[in-house]
Amino acid sequence: MTNVFENKEIFKEEYQRRIIEHYGRSIDQAHITEKFMILGEMIRDHASIHWYESKNAIQEGQEKQMYYFSMEFLMGRLLTNNLMNMGVYDVVNQGLSELSINIHELEDIETDAGLGNGGLGRLAACFLDSLASLQYPGHGNCIRYEYGLFKQKIENKEQVEVPDCWMRLGNVWEIRKPKHAVDVKFGGHVNMWMDASGKTKVEHIPSFVVRAMPYDMPIVGAGAKLTNTLRLWSSEVADDACNAINLNDYVNEVHEICRNVYPDDSTEHGKILRLKQQYFFVAAGLNSIIASHLKAYGTLDNFAEKVAIQLNDTHPVLCIPELMRLLMDEYQYEWDDAWTIVKDTFAYTNHTVMNEALEKWQMQYVQELLPRIYMIIEEIDRRFRYRITHQYGREDLIEKCAILQHGQVHMANLAIIGSHSINGVAALHTEILKDDVMKHFYAICPQKFNNKTNGITHRRWLLNANPQLSSLLKKTIGGKFVKEPLNLIELMKYVDNKKIQTNFLEIKLERKKILAAYIKKTMNIEVDVTSIFDIQSKRLHAYKRQLLSILNILDLYFHMKEDPNFRIYPRTIIFAAKAAPSYIFAKEVIKLIHYVADMVNHDTEIADYMKIIFLPNYGVSMAELLTTAADVSEQISTAGKEGSGTSNMKFMMNGAITCGTYDGANVEIVERVGFDNAVIFGLRREEVMHLKNENLYHASDVYKNDVAIHRVIDGLIHGIFPVDFRIIFNELLNKNDEYMVMADFHAYQEAFFKIEEYYKDRMRWARMCLVNIAQSGFFSSDRTIEQYVEDIWHIHKIQM
Ligand SMILES: *Cc1c(COP(=O)(O)O)cnc(C)c1O
């Protein structure tokens, strides 16, 4: 097969030929979107060759494969990533340039595939990149959402959500696979009877059938040796679409399933829709895995030897009863044999200790929508209750660990009971699972628990996003870190080298200029690139405490206004965050940030010292701009609340200093860089717990007695802004400041000043940043994946 990327001449010829063939136009006449689509197509076709070879190699070696089931894959853009991983970026860049096409313009045409909310979805995307790059057979399974999470606009200083039509140009990376389509059944009733041999037979008569259509996206590993698959399921009408009473209703109901990421689940309709989504992609995914397994082996007896499935949070946990159903109802396995296969197949990752995020479903919803699945869950629950009483002698734990309780299905409990492994996503987080959130399970099955500290792919977040820094690193320590990110540690030899320090500062300045140009272009605001770029970019959530930062800014502003001798070192404080559409508090914080920004940025006395920027529509591509340009990485969650965080790792790897609490993976960052090379502040988890458990924290007393705090909190409701922020005020005072914002207020301000003190000593600052880069190799998702492989999946590299 010819390689169209072999050299730029062959590439140019093929590229021109395809444009003419497709669009009947010359390159000069072609529209930029056409130029993008054709390049994408060429890459996809090229990937297909690797796909074919990869599938053959896996088949021949009868290799075990891993499937990552996740409701979210926050892929971002793929053009650069694919070209880089295929090793043809330079050829394409030169070829295009000789055709007078700027590759960056094509890169910018691509819309982010925003098939997810935030960290959890981005983790899944980083894992796919690491799996393929390390040559492990590991695939993704998800929904092909017609719209991503909403697009965020700001109108009158408030968040407005508009649809994110990420597929407006189509999705150039995907291939529709009708031959692998699967029917998924909902509703109806279950018939059971005894056959002649006395075996129980079960038949589910659905009231609603949906055709699940797979679209496959190639996941190209670095060096393009192995190409894995991200399979996205789309819902379509089924052939014998049951006796739909109203055809229109049926078609709507079908399309609704794949319309949106996380449709609003504040209503009953929204909740049932989400449950439908979960079962839809789980049932379709399992069905197609079973079909291909049977084709290869002719039996399911060795299923767990050849298939590992990782459940990313509780969203895909219906996998557990669904595989039981398939094994028993369709392949005649006995319960115990089926259960062994199920437990050996599944492993579950917990992402959060926030109580409201531990998913529960109304029993009644599950029963009506998935009658057979519900029966199986009941039986799993019944047997578990028996085991915990008779095998473990811990009847006292039933209340805590049972799946069915108080009219609800507890998905995390189902996940733990049906999996052989449960992992947290950072050392501290796993400890919290073991001694708090899941301690009852830890008491009866400690061997299931393990930690897998999250990671990020250094290919996207360092090599591709920051070519300037990557090139400095290659010149300084050689290119070994490209394949082995732990090798970044070699940079420790150069952290005191004045020339490298200076080079680093020059590169950081260049990255800041790129971000400044973006801010100018999108917001028409000039920022001072010599100021400290202090960035907090992440989903907006009370526990992440964007509020702490904005209240500190407000206090410093008041202070500068009343005392002309008090001035801070110039700082550009940048926020980027989406709030869930129904999360009122979060939206109020966005509004507050805008009101404070408006006041500060337009105050000519202050504007030279402080500028506040809220960049709308945070996503992966924006994160690439932000993490590479930051001086300071804000990671200021209430201690004990953040699972891991991964943006902290992206910032660190690009030489930003963490200003953070002792929480999530921040703990492991300081463990590596030391307390001198990060600014850690605030209450520790034990202290937060102590204050809460002993009822020692009284927000209203702090408000009454602390002059500075009193002033900023009062500012929320008294006359500083044309609107009042009573919702935030009440959250702090009527709910006893659940996230300890006031408790950490002064410590945070001290951290703020520490940062400026360090920053002013430019060489010392550069040294700190270099230490962070040098120590960041551990946080490559390549390391995380190796740990999952070793402890949980037991898959092998594909030799090709
Ligand atoms: C990395 C990333 C996240 C996760 O950010 P945290 O600060 O770890 O919560 C969320 N969204 C996007 C787009 C990201 O790239």
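One-based numbering, in listed order, for ligands and for the atoms of each.
For the pair Ser647 and ligand 1, the shortest N or O to N or O distance falls below 3.5 Å. Taking only nitrogen or oxygen atoms, main chain and side chain alike, Arg539 does not reach within less than 3.5 Å of ligand 1. Polar contact with ligand 1: present for Thr646 (N/O pair, distance under 3.5 Å).
Of the possible polar contacts, none joining the Thr658 side chain to the Gly660 backbone as a donor-acceptor pair under 3.5 Å is found.
By the 4.5 Å heavy-atom criterion applied to side chains, Tyr262 and His315 are counted as neighbours.
Heavy-atom proximity to Trp461, at under 4.0 Å, picks out these atoms of ligand 1: 15 (O). Under a 4.0 Å criterion applied to the non-hydrogen atoms of Gly645, ligand 1 contributes the atoms 8 (O). In the vicinity of Gly619, heavy-atom distances shorter than 4.0 Å reach the ligand 1 atoms 13 (C). Of all the atoms in ligand 1, the ones that sit under 4.0 Å from a non-hydrogen atom of Ala623 are 15 (O). The distance from ligand 1 to the heavy atoms of Lys650 drops below 4.0 Å at these ligand atoms: 1 (C), 2 (C), 3 (C), 14 (C), 15 (O). Under a 4.0 Å criterion applied to the non-hydrogen atoms of Gly119, ligand 1 contributes the atoms 3 (C), 4 (C), 10 (C). Taking every heavy atom of Gly118 and a limit of under 4.0 angstrom, the matching atoms of ligand 1 come to 10 (C), 11 (N).
More than 12 non-hydrogen atoms from other residues, nucleotides or ligands lie less than 6.0 angstrom from NZ of Lys512. Within a 6.0 Å radius of NZ in Lys483, other residues, nucleotides and ligands contribute 12 heavy atoms or fewer. Residue-environment remark: NZ (Lys587) exceeds the threshold of 12 foreign heavy atoms within 6.0 Å.
The closest approach between a heavy atom of Lys544 and any atom of ligand 1 is below 4.0 Å. The shortest separation from a heavy atom of Phe651 to ligand 1 is not under 4.0 Å, leaving the residue out of contact.
Note on ring orientation: taking the six-membered ring where Trp is involved, the planes of Phe127 and Tyr788 are perpendicular (angle over 60°, cut-offs 30° and 60°).
Close placement of the Tyr748 and Phe681 rings is indicated, their centers lying within 6.0 Å of each other.
A salt bridge between Arg684 and Glu687 is absent, with no side-chain N of the basic residue lying under 4.0 Å from a carboxylate O of the acidic one.
Neither side chain, Glu72 nor Ser70, offers a donor N or O lying under 3.5 Å from an acceptor on the other.
The closest protein non-hydrogen atom to atom 11 (N) of ligand 1 is Tyr618 CE2, 3.5 Å.
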